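To find a chain, count down the sequence lines: A is the first, B the second, and so on, and within it residues start at 1. Small disclaimer: the values here were computed from a predicted structure and weren't measured.
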Protein chains: 2
Amino acid sequence: MSVGIRDVARAAGVSTATVSRALGRGPVSDALREQVEAAVRATGYRPNLSARRLRSQATQTIGLIVADIRNPFFTAVSRAVEDAAYQAGMRVILCNTDEDAEREALYLRLMQEERVTGVIFAPTRTTAQAMRAGDLDFPVVLIDRSGPPGAHDSVVLDNTAASAALVDHLVAQGYARIGGLFGSTSSTAQERRAGYEAAMARHGLEPATRACAPNAAAAEAESVRWLAEGDRPEALIVSNGLMLMGAVRAARALALAVPGALALAGFDNEPWTELLDPGLTVIEQPVAEIGAQAMNLLFDRLKSPDQPVRKVVLSGRPVLRGSTGRR
Amino acid sequence: MSVGIRDVARAAGVSTATVSRALGRGPVSDALREQVEAAVRATGYRPNLSARRLRSQATQTIGLIVADIRNPFFTAVSRAVEDAAYQAGMRVILCNTDEDAEREALYLRLMQEERVTGVIFAPTRTTAQAMRAGDLDFPVVLIDRSGPPGAHDSVVLDNTAASAALVDHLVAQGYARIGGLFGSTSSTAQERRAGYEAAMARHGLEPATRACAPNAAAAEAESVRWLAEGDRPEALIVSNGLMLMGAVRAARALALAVPGALALAGFDNEPWTELLDPGLTVIEQPVAEIGAQAMNLLFDRLKSPDQPVRKVVLSGRPVLRGSTGRR
DNA sequence: CTGAAAGCGCTTACAG
DNA sequence: CTGAAAGCGCTTACAG
């Protein structure tokens with residue numbers, strides 16, 4: 001029923017090989033190329049990509065595995081990845097793991113079956129730790145989170161420095177009892193905590209941290225619990241945009257004025273963080289560049305498979321707003 | 001290099017046909033099935049999906065074509081679609097058109113080359129109007145926007161009623177000079193405008209509308225222009241979540257108190273709309289259900305290709321907040 | 001530059 | 001239930 005390459009060949013009076021070459025970059029005379037193009041138009045022929053992929057052993061497909069596309073950070077990164085991919089003539093398969101190691105394994109298997117060209121992956125700590133170089137049949141670029149040094153290319157934020165910048169700013173603004181709420185599943189959250197702890201120590205301050213699942217609901221619940229206690233912090237640094245939203249809700253629920261009763265700072269410069277009154281102090285991540293750089297690392301790796309493993313570390317940009325006003 | 005079905009067959013001492021059947025739902029004796037499964041484990045075999053798709057003529061793939069995944073409405077819908085798809089053993093190819101008719105055409109062609117099982121599509125008005133039933137080799141389900149009646153299955157919001165509900169609420173709150181800012185590219189924006197106009201007429205009020213590209217920046221610019229005029233409206237209804245954000249920015253830029261100097265209402269119950277002070281009155285869309293219903297329509301269509309075209313109309317839920325407080 | 005032929009890795013009638 | 005064989009729709013050495 002569907003028109004195939006044989007129909008086009010017949011219509012153009014050439015062999016299927018010539019049709020194939022005319023549509024690809026093969027050497028074909030101008031005359032025949034035009035005949036083929038006319039035949040393609042006349043028949044409405046569309047090549048079958050499954051057949052092409054099977055025969056050419058090149059799927060032109062990259063897998064993108066993230067925790068949840070509804071996390072604005074991943075939304076933005078994925079858009080950058082897709083733009084770069086389609087521009088390079090590749091398509092992308094998107095998978096949401098919900099920070100679940102089993103689903104990560106499932107999707108990694110799927111990527112094998114798809115014979116993908118490469119994968120861009122934001123793994124949980126569990127999975128990242130278990131991933132050895134050469135385990136998979138395709139190159140992997142880690143984003144947002146990294147694994148064991150030297151195993152895979154990665155592009156991450158300088159999380160330690162970003163956290164420290166937040167602490168330094170809060171200290172400069174007159175805060176001392178600064179708490180940290182961090183996600184429990186990613187290396188990124190760990191690094192942000194480490195940066196927080198180091199900076200607190202540098203200032204001679206006592207660190208106080210809590211951990212929870214990296215989503216708004218969990219962060220709200222944990223914040224409410226924490227902030228209802230007697231010795232609650234006077235400022236809070238929160239691990240990501242979703243969790244920061246939870247912390248804001250918690251402050252509202254407990255009627256804590258920001259920054260009067262509680263200063264707030266976090267990560268991800270989502271549009272809404274500017275709209276609040278006061279606006280929220282955050283670390284802006286170069287989301288588009290993270291996606292674009294990940295694609296670059298992947299393409300470089302495909303070109304030079306034996307090149308040493310690279311780790312691209314990007315700096316966050318502190319955006320200071322009213323939520324961390326002077327104490 | 002990669003292990004194929006022949007290697008598994010050899011390892012299990014059976015034919016490739018038996019391996020194939022053991023991995024699918026074919027009839028195989030328990031004994032052989034176990035041998036095959038052991039061989040699969042031993043060899044680490046992963047079937048090549050390109051080959052399977054080519055041979056079986058079933059790609060198990062659905063295309064999802066939206067304006068921009070960064071629009072939270074589409075983010076949420078796409079997550080619902082993907083969950084349903086993976087649960088049904090299908091994968092999804094995501095495409096962003098940026099409301100560009102050329103890119104829509106491009107991606108529709110790509111879908112043909114992928115030989116997708118079906119497509120879920122939020123088209124611009126231009127493309128929707130041009131799409132005739134039977135043009136494509138696969139069923140299409142329109143979401144958020146619909147085309148000519150009877151051409152394709154669709155799942156949309158009751159936009160007319162939703163807009164009217166917003167007008168009614170504003171009138172009840174004492175507003176009369178109510179303006180409407182609507183997107184210029186979708187049938188949805190048109191319906192929302194029509195609903196607004198009808199409701200205004202019903203109340204004996206003079207409608208006043210403006211149109212702009214459906215994004216935050218364009219809405220902000222247009223709002224600033226409009227609200228700086230002498231006869232500016234005392235309340236504004238805005239077409240979608242992105243544009244509503246632009247209107248909020250405009251009010252801030254012009255130092256218009258909400259709702260004192262300008263009441264604000266719109267669409268899409270994004271988390272941030274509740275966080276503002278006052279919160280924003282919005283129509284909440286059943287995003288997850290839209291995605292799930294679209295998949296249902298698609299599956300039903302695949303089962304019964306000749307069934308009459310269906311249009312699922314879902315109701316929005318008004319969420320009344322302070323931004324439309326009494327005048 | 002062009003064509004005939006082989007083959008990518010599967011699944012599926014067809015026999016038995 | 002099982003196997004030998006054909007074939008899905010392309011691309012690509014191999015000759016010419």
Side-chain angles (χ1 to χ4, degrees), chain A residues 1-37 39-40 43-61 89 91 109-117 137, chain B residues 1-37 39-40 43-61 89 91 109-117 137:
Chain A
M1 67 159 246
S2 184
V3 15
I5 199 171
R6 302 191 49 154
D7 304 293
V8 179
R10 213 180 336 254
V14 301
S15 69
T16 59
T18 295
V19 174
S20 176
R21 292 195 190 98
L23 296 181
R25 64 265 161 73
V28 186
S29 69
D30 289 350
L32 286 196
R33 166 164 279 124
E34 273 171 38
Q35 284 178 46
V36 169
E37 281 165 2
V40 166
T43 56
Y45 170 67
R46 287 285 123 201
N48 181 319
L49 293 184
S50 294
R52 176 177 286 175
R53 289 187 186 114
L54 173 60
R55 175 55 234 236
S56 68
Q57 300 285 72
T59 57
Q60 305 285 64
T61 300
R91 96 205 132 113
R109 268 203 303 280
L110 177 64
M111 295 303 115
Q112 306 241 69
E113 303 189 350
E114 291 279 1
R115 303 294 192 267
V116 294
T117 308
D137 299 334
Chain B
M1 70 159 241
S2 184
V3 15
I5 199 171
R6 303 190 48 152
D7 304 293
V8 179
R10 214 182 334 255
V14 300
S15 70
T16 59
T18 295
V19 174
S20 177
R21 292 195 190 98
L23 296 181
R25 64 261 162 74
V28 186
S29 68
D30 290 350
L32 286 196
R33 168 165 277 124
E34 272 170 40
Q35 284 177 47
V36 168
E37 281 164 2
V40 166
T43 56
Y45 170 69
R46 287 284 123 201
N48 181 320
L49 293 183
S50 294
R52 175 178 289 175
R53 289 187 186 114
L54 172 59
R55 175 55 232 238
S56 67
Q57 300 288 71
T59 57
Q60 305 284 64
T61 300
R91 97 206 130 114
R109 268 201 303 282
L110 177 65
M111 294 303 115
Q112 304 240 70
E113 303 190 350
E114 291 279 1
R115 303 294 192 268
V116 293
T117 308
D137 299 333

>> Between A/Arg52 and B/Glu113, does any side-chain N to carboxylate O distance fall below 4.0 Å?
In response: no
For nucleotides 13-15 of chain D, list the nitrogen or oxygen atoms of the protein found under 3.5 Å from its nitrogen or oxygen atoms, one pair per line.
from: D/dA13; atom 1: N6; to: A/Arg21; atom 2: NH2; distance (Å): 3.0

>> Both B/Val28 and A/Leu23 contact DNA chain D. Which one's nearest nucleotide lies toward the 5' end?
In response: B/Val28
> Using a cut-off of 4.0 Å on non-hydrogen atoms, how would the nucleic acid contact of B/Leu49 be classed: base, sugar-phosphate, or nothing?
Replying inline: nothing
>> If you assign A/Ser56 and A/Ser15 each to the DNA chain C nucleotide with the nearest heavy atom, which residue ends up on the more 5' nucleotide?
In response: A/Ser15
Atom [atom1] of [X] to atom [atom2] of [N]: distance rounded to whole Å?
{"X": "B/Asp30", "N": "D/dT2", "atom1": "CG", "atom2": "C1'", "answer": "15 Å"}
{"X": "B/Arg46", "N": "C/dG9", "atom1": "CZ", "atom2": "C1'", "answer": "16 Å"}
{"X": "B/Gln112", "N": "D/dG9", "atom1": "CD", "atom2": "P", "answer": "15 Å"}
{"X": "A/Ile5", "N": "D/dG7", "atom1": "CD1", "atom2": "P", "answer": "19 Å"}
{"X": "A/Arg10", "N": "C/dA4", "atom1": "CZ", "atom2": "P", "answer": "13 Å"}
{"X": "B/Leu54", "N": "D/dC10", "atom1": "CG", "atom2": "P", "answer": "9 Å"}
{"X": "A/Gln60", "N": "D/dT11", "atom1": "CD", "atom2": "P", "answer": "12 Å"}
{"X": "A/Arg6", "N": "D/dC10", "atom1": "CZ", "atom2": "C1'", "answer": "12 Å"}

> Looking only at side-chain N and O atoms, does B/Gln57 come under 4.0 Å of OP1 or OP2 in C/dT12?
Replying inline: no
> Can you check whether B/Ser29 has a side-chain N or O nearer than 4.0 Å to OP1 or OP2 of D/dT2?
Replying inline: yes
> Rounding to the closest angstrom, what is the interatomic distance between D/dT12 and D/dG16 at atom C1'?
Replying inline: 16 Å
> Can you tell me how far the CZ atom of A/Arg109 sits from the CD atom of A/Gln112, to the nearest 0.5 Å?
Replying inline: 9.5 Å
> Nearest 0.5 Å, what's the CE-CZ distance between B/Met111 and A/Arg46?
Replying inline: 12.5 Å
Distance-only check: which donor-acceptor pairs under 3.5 Å involve side-chain atoms of residues 9-24 of chain A, not counting sequence neighbours?
from: A/Ser15; atom 1: OG; to: A/Ala17; atom 2: N; distance (Å): 3.4
from: A/Ser15; atom 1: OG; to: A/Thr18; atom 2: N; distance (Å): 3.2
from: A/Ser15; atom 1: OG; to: A/Thr18; atom 2: OG1; distance (Å): 3.3

> Mind pulling the stems DNA chain D is in, i.e. runs of at least three Watson-Crick or G-U pairs, everything under 3.5 Å?
Replying inline: C:1-3 with D:14-16, C:5-12 with D:5-12, C:14-16 with D:1-3
